[in-house]
Protein chains: 2
Amino acid sequence: MLEWVERLAKYCADQDGVPLIAGRVLGWLMICDPPEQSAQQIATAIGASRASLSTNLRLLSSVGFVRVLTKPASRTVFYRVDDDAWEKVVQRQIASLAAVGKILHDGTPLAGSSPNHGGRIAAANEVFRWMQQIFDNAPPLPSTARAAKESQG
Amino acid sequence: MLEWVERLAKYCADQDGVPLIAGRVLGWLMICDPPEQSAQQIATAIGASRASLSTNLRLLSSVGFVRVLTKPASRTVFYRVDDDAWEKVVQRQIASLAAVGKILHDGTPLAGSSPNHGGRIAAANEVFRWMQQIFDNAPPLPSTARAAKESQG
DNA sequence: CACAAATTTCAGTCTTTACTGAAACAGGTC
DNA sequence: GACCTGTTTCAGTAAAGACTGAAATTTGTG
């Protein structure tokens with residue numbers, strides 16, 4: 001349970017520069033029962049300070065990772081992972097690659113066009129064109145597909 | 001010229017956590033003439049200390065971003081961006097997504113399977129299956145395609 | 001072997017960032 | 001308006017990391 005949470009958290013921290021605690025929150029919210037929890041509950045579960053939870057929950061909300069819920073007769077706020085949280089991650093990463101692709105594309109004229117000169121950047125552009133093409137031809141994302149299905153039948 | 005270098009460097013630093021100077025080196029090596037340069041040349045070009053170049057060139061080499069060259073009658077070492085540097089970036093990013101996918105997959109049993117319980121992680125798994133499928137069906141990378149073409153005729 | 005050129009390592013400074021406890025704040029209830 | 005309950009902000013601490021100048025090391029040359 002908590003080992004798995006730690007595994008995901010560590011991954012987030014090491015690879016994506018996400019604060020460790022934010023990663024733990026995320027991990028916890030992926031598997032906790034019930035899926036929506038108060039800041040206090042999460043703090044207790046993962047062993048972090050209440051203040052830290054505030055910071056990290058704000059972070060996770062701002063990037064659309066967790067959704068904030070309020071229950072009718074309660075004044076505490078509950079948090080849960082957004083259903084399309086990971087879809088956003090993937091989209092973000094793809095967008096990120098596209099952004100680098102654009103920068104490199106913009107740099108092409110700077111590298112000149114002599115034989116062994118433009119080679120570097122030409123190769124780079126090729127890769128990003130390849131990627132773009134893949135995503136252009138890709139089937140719709142699961143959530144999109146699901147939405148289409150429901151509206152249709 | 002240097003503005004473009006800075007743009008790429010900033011991107012690397014902000015988005016990927018690459019040290020700013022490593023980003024500058026990378027940017028410079030993408031467009032400089034000639035494509036291979038000594039550490040001293042790079043240091044001068046981007047305005048960084050020689051020591052910092054040593055550190056960052058080692059970093060860039062270790063991740064396969066730049067290739068180290070030695071010229072016959074010279075004892076200085078030259079660096080240039082590897083031709084498939086950006087292909088590696090893309091592959092790395094894809095691999096990274098796959099790794100998260102695996103972690104989430106491993107976490108599936110922890111979330112239980114009750115209706116609104118397994119939903120979060122099931123949605124996540126869907127997204128990563130979608131991604132895997134895309135890359136499984138994708139055409140070969142440009143470099144691979146090129147290699148195949150040459151060996152064939 | 002002495003030298004010179006080029007590179008790496010080291011110690012130190014400086015900046016950034018994560019985290020916490022304590023204080024301030026907001027929203028209801030009596 | 002006093003008083004909970006729960007949340008956010010703030011100031012301070014601690015740790016990590018990037019960068020640099022100077023010393024040490026490697027590598028080639030006469």
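Values in this document were obtained by computation on a predicted structure and should not be read as measured data. In what follows, chains are A, B, ... by sequence order, proteins preceding strands, each numbered from 1.
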Quick one: on DNA chain C, does A:Val18 or A:Arg50 contact a more 5' nucleotide (nearest heavy atom)?
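Nearest nucleotide further toward 5': that of A:Val18.
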
Side chain of [X] (C-beta onward), nearest among [options]:
X       : options                : result
A:Ile21 : C:dT7, C:dC19, D:dT7   : C:dC19
A:Ala48 : C:dT20, D:dG21, C:dC19 : C:dT20
B:Ala51 : D:dT20, C:dT7, D:dG28  : D:dT20
A:Ser49 : D:dT29, C:dA18, C:dT20 : C:dT20

Does B:Ser54 have a side-chain nitrogen or oxygen under 4.0 Å from the phosphate oxygens OP1 or OP2 of C:dT7?
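Looking at the OP1 and OP2 atoms of C:dT7, neither is under 4.0 Å from any side-chain N or O of B:Ser54.
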
Given atom [atom1] of [X] and atom [atom2] of [N], what is their separation to the nearest angstrom?
X       : N      : atom1 : atom2 : value
B:Leu57 : D:dT20 : CG    : P     : 13 Å
B:Ile42 : D:dC19 : CD1   : P     : 15 Å
B:Asn56 : C:dT7  : CG    : P     : 15 Å
B:Gln40 : C:dA4  : CD    : P     : 19 Å
A:Asp14 : D:dA16 : CG    : P     : 13 Å
B:Phe78 : D:dT27 : CZ    : P     : 18 Å
B:Gln41 : C:dA5  : CD    : P     : 17 Å
B:Leu20 : C:dT16 : CG    : P     : 12 Å

Rounded to the nearest 0.5 Å, what separation is found between the CD atom of A:Glu87 and the CZ atom of A:Arg92?
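Reported to 0.5 Å precision, the distance equals 12.0 Å.
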
Is it the case that more than 12 heavy atoms not belonging to A:Arg67 sit under 6.0 Å from its CZ atom?
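Counting neighbours around CZ of A:Arg67, 12 or fewer heavy atoms of other residues, nucleotides or ligands fall under 6.0 Å, so no.
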
Answer with base, sugar-phosphate or nothing: what part of the nucleic acid does [X] contact at a heavy-atom distance below 4.0 Å?
X       : answer
A:Arg58 : sugar-phosphate
A:Thr76 : sugar-phosphate
B:Leu53 : nothing

Closest approach of A:Met131 to A:Ala98 (non-hydrogen atoms, all atoms of both residues):
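Closest pair (atom of A:Met131, atom of A:Ala98, distance): CE-N, 4.4 Å.
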
Report whether A:Leu69 and A:Leu60 are members of the same hydrophobic cluster (ILVMFWY, side-chain heavy atoms less than 4.5 Å apart, transitive linking).
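Shared cluster, no.
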
Is the centre of the B:Trp28 ring less than 6.0 Å from the centre of the B:Tyr79 ring?
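Not close enough - the centres of the two rings lie 6.0 Å or further apart.
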
So, do B:Trp130 and B:Phe135 have ring centers that fall under 6.0 Å from each other?
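No, too far apart.
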
Electrostatic pair A:Asp106-B:Arg7, nearest N-O below 4.0 angstrom
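Between B:Arg7 and A:Asp106 there is a salt bridge, with a charged N closer than 4.0 Å to a carboxylate O.
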
What does the inter-axis angle of the helix from C:dC1-D:dG30 to C:dC30-D:dG1 come out as, five pairs per end, nearest 10 degrees?
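Here the helix ends are tilted 0° relative to one another.
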
